[in-house]
Q: 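Take this structure, written in structure tokens, and hold onto it; I'll ask about it next.
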Amino acid sequence: MDGDCVQRVIYFFPKSFPIIAVEQCVTSIPEDHEATCWGCGLRLVFTSYAPVYKCGWCGAVTQCDQTSRKSDSVCFSRWRRFRDGFFVTVLILFMLFVICGGVWAVYPVVFSISMFCGIFHCTVAAVLSVFTIASYCLASLKSAGAPANIRWGSYPMVEKNDLENYTFCTYCSKPKPPRAHHCRSCKMCVVDMDHHCPFIGNCVGASNHRAFVMFLISVVTSCSYAAIMTIYASYHIWPPLHFPNLSSYGHSMGSMKLLMEIITTLASSAFFLSARGIILLYLAFASLSVNAGIAVLLCQQLSYIYEGNTYITRLSSSNVTQGERGLQNLVRFFGCPYPFSRVLLGYLNKSQDNSGSKLL
């Protein structure tokens, strides 16, 4: 730039100072002190070099060293699709096996008790199966939440604060709203992305997060019911148990020998189980194992929702809470009816005020 000139410049001040636009005489501008905003296209000038800066007009956040990234290789994309397809197939087959195998193995025992117990069991099993499959289809087939299309790139089109706290996605080459992340498996940005779940073949984001949590709740409920019913049915069809050593030794047998005697007798009698009994044993073990793992995941999800975070935001800022903590986050997340949520939120606010007054 030759000679003195009058131009409109935008200064970046760190943290406590706002970004302001002023008219000023400028004699020379270092190259590393000026840049172009990707959001509105305006020329930005700041007093000192900053790796990250925010436009004073549109509010877009820019990183100086960001460059467009290449798309994943064909082999890598195919591997991700194969992985998701494999896990989805395994999960669907397991759910069908639990439903069909459980009905086939349990219903003779239940109907032998009474007709009412048999009809009640079939009704509960049908309701849980339909709810689990429906919530799974919603979480798997529904879009995780793509960002809305927004105008960007040119100053006349972009108005004041239109891109407030937006960043630029170097994969999509599009604006990325706050709390959105790019998923390389889905090849798109997802609003409020929690994680990419290969078992549903989809991301968990703003649009399907509730369906995913409801699927976890239905799995925990269904597996608990299946474990109870299969253990109950196994107890009724198990071959008679005989403890010859227990009767001979009596009370003189130690606890360790007693435990070994019980395990040995159960293992030997298991060889005489029918096909229905073997399936009941497998269903009980599988239901308890899956229930334990999914229960941990469900508790983790509910704790993140309570804190107002997602899994990714918690990883990126382990010591920072992105939102307001409280049960009101759970109420809003599950979309409770307005009268119930109003009463509950009023009670929560009142209890918080009382606790705060006690501390004072």
Side-chain angles (χ1 to χ4, degrees), residues 10 12 19 21 32 34-46 50-81 83-84 138-198 200-212 304 308-317 320 322-323:
I10 300 178
F12 171 84
I19 300 173
D32 60 346
E34 62 176 314
T36 302
C37 176
W38 62 266
C40 57
L42 292 178
R43 181 164 170 256
L44 307 180
V45 181
F46 29 89
V52 180
Y53 54 88
K54 182 178 179 181
C55 179
W57 173 256
C58 65
V61 178
T62 304
Q63 295 182 0
C64 294
D65 56 349
Q66 66 179 7
T67 56
S68 59
R69 303 184 184 181
K70 297 181 180 179
S71 57
D72 295 328
S73 63
V74 178
C75 295
F76 188 72
S77 300
R78 289 179 179 176
W79 155 248
R80 286 178 178 268
R81 287 197 297 268
R83 178 203 62 185
D84 289 357
L138 282 176
S140 178
L141 302 178
K142 190 175 182 180
S143 174
N149 293 326
I150 190 169
R151 297 174 298 181
W152 65 284
S154 178
Y155 165 71
M157 292 191 305
V158 180
E159 298 182 358
K160 182 73 173 177
N161 297 329
D162 273 359
L163 299 172
E164 185 67 23
N165 292 328
Y166 271 65
T167 55
F168 188 76
C169 179
T170 55
Y171 290 99
C172 301
S173 297
K174 294 179 180 179
K176 183 171 63 175
R179 291 176 63 95
H181 299 272
H182 183 87
C183 176
R184 295 172 64 185
S185 296
C186 298
K187 297 182 179 180
M188 60 177 289
C189 288
V190 179
V191 179
D192 282 341
M193 178 179 173
D194 188 83
H195 68 285
H196 180 87
C197 180
I200 65 173
N202 195 8
C203 279
V204 178
S207 298
N208 65 344
H209 198 176
R210 184 190 305 172
F212 178 76
Y304 290 155
N309 286 328
T310 60
Y311 177 70
I312 288 185
T313 56
R314 185 62 181 270
L315 286 180
S316 59
S317 53
V320 179
Q322 298 292 332

Q: Which residues pass the ring pair (Phe, Tyr, Trp, His ring centres under 6.0 Å) test with His209, not counting sequence neighbours?
A: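 So His209 forms a ring pair (Phe, Tyr, Trp, His ring centres under 6.0 Å) with Phe333.
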Q: Under the salt bridge (Lys or Arg N to Asp or Glu O under 4.0 Å) test, which residues partner Arg184, sequence neighbours left out?
A: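 In terms of salt bridge (Lys or Arg N to Asp or Glu O under 4.0 Å), with neighbours along the sequence ignored, Arg184 is linked to Asp72.
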Q: Can you name the side chain to side chain donor-acceptor pair (under 3.5 Å) partners of Arg80, sequence neighbours left out?
A: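 Scan of Arg80 (side chain to side chain donor-acceptor pair (under 3.5 Å), adjacent residues dropped) gives Ser185.
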Q: Treating Trp57 as the side-chain partner and Val158 as the backbone partner, does any N or O pair qualify as donor plus acceptor under 3.5 Å?
A: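 Present.
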Q: Within a 6.0 Å radius of atom OH on Tyr311, are there more than 12 heavy atoms belonging to other residues, nucleotides or ligands?
A: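 Open.
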Q: Which heavy-atom pair separates Lys54 from Asn165 by the least distance, and what is that distance?
A: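 Heavy-atom minimum between the residues: NZ-OD1, 3.2 Å.
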Q: Just jot down the salt bridge (Lys or Arg N to Asp or Glu O under 4.0 Å) partners of Asp192, sequence neighbours excluded, or say none.
A: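 Testing Asp192 for salt bridge (Lys or Arg N to Asp or Glu O under 4.0 Å), a comparison that skips the adjacent residues, returns Arg179.
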Q: Of all residues at least two apart in sequence or in a different chain, which pass the side-chain contact (heavy atoms from CB on, under 4.5 Å) check with Ala139?
A: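 In terms of side-chain contact (heavy atoms from CB on, under 4.5 Å), with neighbours along the sequence ignored, Ala139 is linked to Ile200, Ala211, Phe212.
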Q: Is any side-chain heavy atom of Leu163 less than 4.5 Å from a side-chain heavy atom of Cys40?
A: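 They are not in contact (no side-chain heavy atoms under 4.5 Å apart), so the answer is no.
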Q: Compare every heavy atom of Cys189 with every heavy atom of Pro147, then report the nearest pair and how far apart it is.
A: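 Closest heavy-atom pair between Pro147 and Cys189: CD-O, 3.1 Å.
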Q: Just to verify, what does Ser154 make a side-chain contact (heavy atoms from CB on, under 4.5 Å) with, not counting sequence neighbours?
A: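 For Ser154 the side-chain contact (heavy atoms from CB on, under 4.5 Å) partners, ignoring immediate neighbours, are Pro156, Met157.
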Q: Which distance, rounded to the nearest 0.5 Å, do you find between the CZ of Arg43 and the SG of Cys37?
A: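 It is 14.0 Å, given to the nearest 0.5 Å.
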Q: Going by the salt bridge (charged side-chain N to carboxylate O under 4.0 Å, His left out) test, which pairs reach into residues 147-160, not counting sequence neighbours?
A: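 Residue pairs with at least one partner in residues 147-160: there are none.
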Q: Can you tell me how far apart CG (Asn149) and NZ (Lys174) are? Round to the nearest 0.5 Å.
A: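 These two atoms lie 6.5 Å from each other.
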Q: Can you give me the closest heavy-atom contact between Ser207 and Gly145, atom names plus distance?
A: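 Residues Ser207 and Gly145, closest heavy atoms: OG-CA, 3.3 Å.
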Q: Which distance, rounded to the nearest 0.5 Å, do you find between the SG of Cys172 and the CE of Met188?
A: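 Cys172 atom SG to Met188 atom CE measures 8.0 Å (nearest 0.5 Å).
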Q: Who are the side-chain contact (heavy atoms from CB on, under 4.5 Å) partners of Thr167, not counting sequence neighbours?
A: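 Once residues adjacent in sequence are excluded, the partners of Thr167 under the side-chain contact (heavy atoms from CB on, under 4.5 Å) criterion are Val61, Lys176.
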Q: Would you please name every residue forming a side chain to side chain donor-acceptor pair (under 3.5 Å) with Asn202, sequence neighbours left out?
A: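 Listed in chain order: nothing, the list is empty.
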Q: On a heavy-atom basis, which atom in Cys197 and which in Val204 lie closest, and how many Å separate them?
A: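 Heavy atoms of Cys197 and Val204 come nearest at CB-CG2, 4.3 Å.
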Q: If you count every heavy atom of other residues, nucleotides or ligands that lies below 6.0 Å from Arg83 atom CZ, does the total exceed 12?
A: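 For Arg83, atom CZ is crowded (more than 12 foreign heavy atoms under 6.0 Å).
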Q: Check for a donor-acceptor pair, side chain of Asp84 on one end and backbone N or O of Arg81 on the other, with a separation under 3.5 Å.
A: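 Side chain of Asp84 to backbone of Arg81: no pair is present.
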Q: Going by the rule ring pair (Phe, Tyr, Trp, His ring centres under 6.0 Å), which residues pair with His196 if we only count those two or more places apart in sequence or in a different chain?
A: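 By the ring pair (Phe, Tyr, Trp, His ring centres under 6.0 Å) rule, His196 matches no residue at all.
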Q: Minimum heavy-atom separation for Asn309 and Arg314, please, with both atom names.
A: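 Nearest pair, atom of Asn309 first, then Arg314: ND2-CD, 4.0 Å.
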Q: Measuring from Lys187:NZ to Tyr171:OH, what's the distance to the nearest 0.5 Å?
A: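 Between Lys187 NZ and Tyr171 OH, I get 12.5 Å after rounding to 0.5 Å.
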Q: Report the residues that fulfil ring pair (Phe, Tyr, Trp, His ring centres under 6.0 Å) with Tyr166, sequence neighbours left out, ordered by chain and then residue number.
A: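 None.
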Q: Applying side-chain contact (heavy atoms from CB on, under 4.5 Å), can you list everything that pairs with His181, at least two apart in sequence or on another chain?
A: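 Once residues adjacent in sequence are excluded, the partners of His181 under the side-chain contact (heavy atoms from CB on, under 4.5 Å) criterion are Met193, Ile312, Thr313.
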Q: For the residue pair Pro175 and Trp38, establish whether any side-chain heavy-atom pair is separated by less than 4.5 Å.
A: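 Yes, their side chains come closer than 4.5 Å.
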Q: Nearest heavy-atom pair of Ala144 and Cys203: which atoms, and what distance?
A: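 Minimum heavy-atom contact is CB-O, 3.4 Å.
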